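This report concerns only the one structure given below.
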Amino acid sequence: MMGTKASRIWHPFTQHALQGVMTRIVHGDGAYLHTEDGRRIIDAISSWWVVTHGHCHPDITSAIREQAGKLNQIIFAGYTHDPAEECAAELLKVAPPGLDYVFFSDSGSTSVEVALKMALGYWKNKGCPRTRIVVMQNSYHGDTIGTMSVGARGVFNAAYTPLLFDVASVPFPARGREQATLDALEVTCRNDHPAAFIVEPLVLGAGGMLMYPAWVLREMKRICEASDVLFIADEVMTGWGRTGTLFACEQAKIVPDIGCYSKGLTGGALPLATTLCRADIFDAHYSTDRSRTFFHSSSYTANPIACAAAKANLHLWRNPDTRKRVTSLAAMQEQAVESFRADPRFENVRRTGTIAALDLKTSEAGYLANIGPKLQTFFNDRNLLLRPLGNTIYVMPPYCVTAADLDEVYIAIRDAADALA
Ligand SMILES: *Cc1c(COP(=O)(O)O)cnc(C)c1O
């Protein structure tokens, strides 16, 4: 067995036959992770995109501590509690105006499952059932059967493909080919009468940090609206400042019919998710007829400790300093990637808000390209947490990261190209 302490834990997205010794983290603070053997690692991907303000932010930590001593779990059917009520009220104040109801769950995947079920329930309860979902190619919405169905098909879900439901898809709006996406959406909305279109606004995360402009997002919303197709924005990754605004939809000045928010909802401290919807979607389920109930729950729905963490996060977003940090990180990221635009070893150098990405030119492409793990090992040896998607290297740090930390990250990326390209 690898390592001295043989572990029986099966880790996510991990090929254990190829994985070296797991890095054991004992402590996190700000943008740093500390290992048991005394190394300090810069967390340049916010621990898989969840940690927004930094590890163990004192305000969030103390909110968790306080709530844990008061009420740490309660059934959420027939019961409610202050942390959930206050968290929902605060969330609706900052969410796109026109989203009126908050449904809690516990992960990005469940928030998307809930969104899809809300959309189907809406049409069924209105007496005109629709079940088809339109998706964008290269999208990622989670790893459950339902969310895989609306996500890109590939090596990740080949074993389960026979069980995934069929969807209509439109191409990713690559630069110069945006109209093809809009045309395809218009045709499928008109001909297939889909229940909903689900999309990651501005940045497709796991699909390779693919970016498209706000005007395309705005046009897609207009098309859905014109043909009475529900528009679901999956802001699980793009929310909480990542794209430069609190939510990506703000940049397109659109309000989705249903919005999914998780990852940074608790600042990355605890698992929690929300699905927000317009009043008429709630109203379609509102009836004295119990068969119209929205039948969805998870055991830990609106867990009070997680809600307290989310409340503390929402409080941090009321502080103008938080937005200032996002703006200055976006500027630092732009400055950092600018020098790579003329570097012939890289292509598709891109940035949206605080997210920067670039593709290392290699003979082999795709997620399973061997360059991915090689890069990851290279960065790990430099005490950096970066986890390239195939040959796509992206930097998505917590907002407390310093300019010196970022320098270290980008120097290592340049060195990696020297060593491996
Ligand atoms: C991460 C992610 C999800 C899934 O969230 P989990 O909390 O991992 O279930 C869904 N949609 C998008 C866009 C994501 O980035």
Side-chain angles (χ1 to χ4, degrees), residues 11-14 45-52 103-119 133-154 156-157 160 164 167 169 172 196-212 217 220 231-243 246-249 256 258-276 296 298-303 306 309-310 313 352-355 357 367 387-389 392 394-398:
H11 286 257
F13 269 68
T14 299
I45 60 160
S46 302
S47 281
W48 249 346
W49 323 344
V50 298
V51 176
T52 44
F103 192 95
F104 285 99
S105 62
D106 39 30
S107 74
S109 298
T110 53
S111 75
V112 171
E113 295 277 356
V114 164
L116 297 172
K117 287 174 73 172
M118 278 180 178
I133 307 291
V134 186
V135 308
M136 180 179 280
Q137 277 165 16
N138 298 106
S139 295
Y140 176 81
H141 299 291
D143 282 332
T144 57
I145 295 286
T147 58
M148 281 192 296
S149 296
V150 293
R153 309 291 161 98
F156 311 107
N157 42 47
Y160 329 112
L164 303 186
V167 294
S169 72
F172 173 78
F197 171 54
I198 180 166
V199 72
E200 298 165 78
L202 301 187
V203 184
L204 275 55
M209 295 299 154
L210 306 176
M211 302 175 183
Y212 64 92
L217 183 58
M220 294 190 301
F231 188 97
I232 304 173
D234 176 355
E235 293 237 29
V236 170
M237 187 280 280
T238 54
W240 310 107
R242 289 294 177 200
T243 68
L246 185 57
F247 301 115
C249 283
I258 304 175
C260 306
Y261 311 89
S262 185
K263 294 200 164 115
L265 173 57
T266 60
L270 285 172
L272 186 71
T274 54
T275 307
L276 272 53
H296 191 96
S298 31
S299 305
Y300 288 98
T301 300
N303 172 265
N313 169 53
T352 299
T354 70
I355 308 168
Y367 181 84
R387 198 182 153 90
L389 296 155
T392 298
Y394 68 90
V395 181
M396 196 195 294

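Both counts, for ligands and for their atoms, begin at 1 and track the order of listing. These figures come from a predicted structure and were not determined experimentally.
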Inset, instruction - Please lay out, stage by stage, how Tyr140 and Val236 fare under the test side-chain contact (heavy atoms from CB on, under 4.5 Å). - result: CA-CA 10 Å; Tyr140 176 81; Val236 170; over 6 Å; no

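- Not one N or O on the side chain of Asn313 forms a donor-acceptor pair closer than 3.5 Å with the backbone of Gly268.
- Among all non-hydrogen protein atoms, the one lying nearest atom 11 (N) of ligand 1 is Asp234 OD2, 2.7 Å.
- Of the protein's non-hydrogen atoms, Lys263 NZ, 1.6 Å is the one closest to atom 1 (C) of ligand 1.
- For atom 4 (C) of ligand 1, the nearest protein heavy atom (residue, atom name, distance) is Ser109 N, 3.5 Å.
- When distances from atom 8 (O) of ligand 1 to the protein are checked, no heavy atom turns up under 4.0 Å.
- Put simply, the side chain of Ser262 gets close to the backbone of Leu272: a donor and an acceptor are under 3.5 Å apart.
- A side-chain donor-acceptor contact under 3.5 Å links Ser46 to the backbone of Met396.
- Residue contact check for ligand 1: Glu235 places no non-hydrogen atom closer than 4.0 Å to it.
- Looking at Thr110 and Glu113, their side chains never bring a donor and an acceptor atom within 3.5 Å of each other.
- Between Lys263 and Trp240, the closest side-chain pair of non-hydrogen atoms is not below 4.5 Å.
- Counting heavy atoms closer than 4.0 Å to ligand 1, residue Trp48 contributes nothing at all.
- An N or O contact shorter than 3.5 Å links Gly108 to ligand 1 by distance.
- Ligand 1 has no N or O atom lying under 3.5 Å from any N or O atom of Ser262, backbone or side chain.
- An N or O contact shorter than 3.5 Å is missing between Trp49 and ligand 1 by distance.
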Inset, instruction - Output, in order, the C-alpha distance, side-chain angles, deciding distance and verdict of side-chain contact (heavy atoms from CB on, under 4.5 Å) for Lys117 and Phe103. - result: CA-CA 12 Å; Lys117 287 174 73 172; Phe103 192 95; over 6 Å; no

